[in-house]
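See structure below.
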Amino acid sequence: MKKLAYGFLLMIGLFGASAWVASWAIEPQPFGEARAPDPAQYRDAIIQVYGGDVWGFRGNFAIHTWIATKARGATDYRVYEVVSWNLRRSDSVVRISNRDPDRPWARSPAILLHELRGDEAEALIDRIHEAALSYPFHREYTMWPGPNSNSFTAWVALEVPELKLELPFKAIGQSWMKSEYPALRK
């Protein structure tokens, strides 16, 4: 019985240590909580990648990620993400919508993970759209190990390497495709 109790305490300690490591792994510098530029004021092209803690206790270990684009002169943002419940509303978990890109996710503030602006962003916006439309797992969603929202964001990064996107540790599922489908490695 003592061994079982020690094992349980060890497991709790490991979860606590993992949560501590995960908590600092999400805030790449110099970004952090940020507002997207007002598209009526900011006329140039922009690509932003956001993350937000998932709901409840799991938020200590995992985030949901999404990509936002705004073409030069556009008056709104296009947001690309994967959400499981979208499959009930359409034939795909991929959701492409025009909305504010920095809305909270599950009451968690949106954290800016990556950004490109200007000509560099403009050159990649159409390719991001094509990559989102070609996501091969658009009818599948598994919270862990994937495919999930982070697998989708990683797919776009694989298809558009010029994006130079590296997701944080808490983006569980980001390497799912590379491990499950070695042919997708680039």
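Taking each heavy atom of Ile63 and Gly51 in turn, the nearest pair found is CD1-CA, 4.3 Å. Closest heavy-atom contact between Gly52 and Trp66: N-CZ3, 3.7 Å. Smallest separation of non-hydrogen atoms from Thr65 and Ala171: CG2-CB, 4.4 Å.
In this structure, CZ on Arg103 lies 14.0 Å from OG on Ser108, to the nearest 0.5 angstrom. In this structure, CD1 on Ile96 lies 4.5 Å from CG on Leu133, to the nearest 0.5 angstrom. For the atom pair Ile125 CD1 and Leu163 CG, the distance stands at 10.5 Å (nearest 0.5 Å). Put simply, OG1 on Thr69 and CZ on Arg127 are 14.0 Å apart, with the number rounded to the nearest 0.5 Å. Rounding to the nearest 0.5 Å gives a distance of 11.5 Å between CD1 of Ile47 and OH of Tyr77.
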Quiz item: side chain to side chain contact (heavy atoms under 4.5 Å, CB included) between Arg72 and Asp119: does it pass, once the steps are laid out?
Solution: CA-CA 9 Å; Arg72 181 176 289 120; Asp119 293 338; 2.5 Å; yes
Exercise. Please test Asp102 against Tyr50 for side chain to side chain contact (heavy atoms under 4.5 Å, CB included), starting from the C-alpha separation and ending with a verdict.
Key: CA-CA 7 Å; Asp102 52 3; Tyr50 287 92; 3.8 Å; yes
Quiz item: Does the side chain to side chain contact (heavy atoms under 4.5 Å, CB included) test come out yes or no for Asp53 and Lys170, once each step is laid out?
Solution: CA-CA 9 Å; Asp53 289 343; Lys170 282 178 72 169; 2.9 Å; yes
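For the pair Asn148 (side chain) and Ile172 (backbone), a donor-acceptor distance under 3.5 Å is present. Side-chain atoms of Ser151 come within 3.5 Å of backbone atoms of Gly173 as a donor-acceptor pair (strictly under, hydrogens ignored). Side chain of Arg43 to main chain of Gly73: a donor-acceptor pair is present (N/O by atom type, distance under 3.5 Å, no hydrogens or angles). Listed for the Thr153 side chain is no donor-acceptor partner under 3.5 Å among the backbone atoms of Asn150. A donor-acceptor pair under 3.5 Å is absent between the side-chain atoms of Gln48 and the main chain of Lys70, judged by distance alone. No donor-acceptor distance shorter than 3.5 angstrom exists from the side chain of His64 to the backbone of Val83, with no hydrogens or angles considered.
Under the 4.5 Å side-chain heavy-atom criterion for grouping Ile, Leu, Val, Met, Phe, Trp and Tyr, Leu116 is connected to Ile128 within one hydrophobic cluster. Follow the hydrophobic side-chain contacts under 4.5 Å out from Val79 and you never reach Ile46; the two are in separate clusters.
Between Phe152 and His138, the distance from one ring center to the other does not fall under 6.0 angstrom.
Applying the salt bridge (charged side-chain N to carboxylate O under 4.0 Å, His left out) test to Glu120 and every residue at least two apart in sequence or in another chain returns Lys164.
The aromatic rings of Tyr135 and Trp155 lie perpendicular to each other, with more than 60° between the two planes, well past the 30° mark.
Annotation: Glu162, atom CD; neighbour count of heavy atoms from other residues, nucleotides and ligands within 6.0 Å is above 12.
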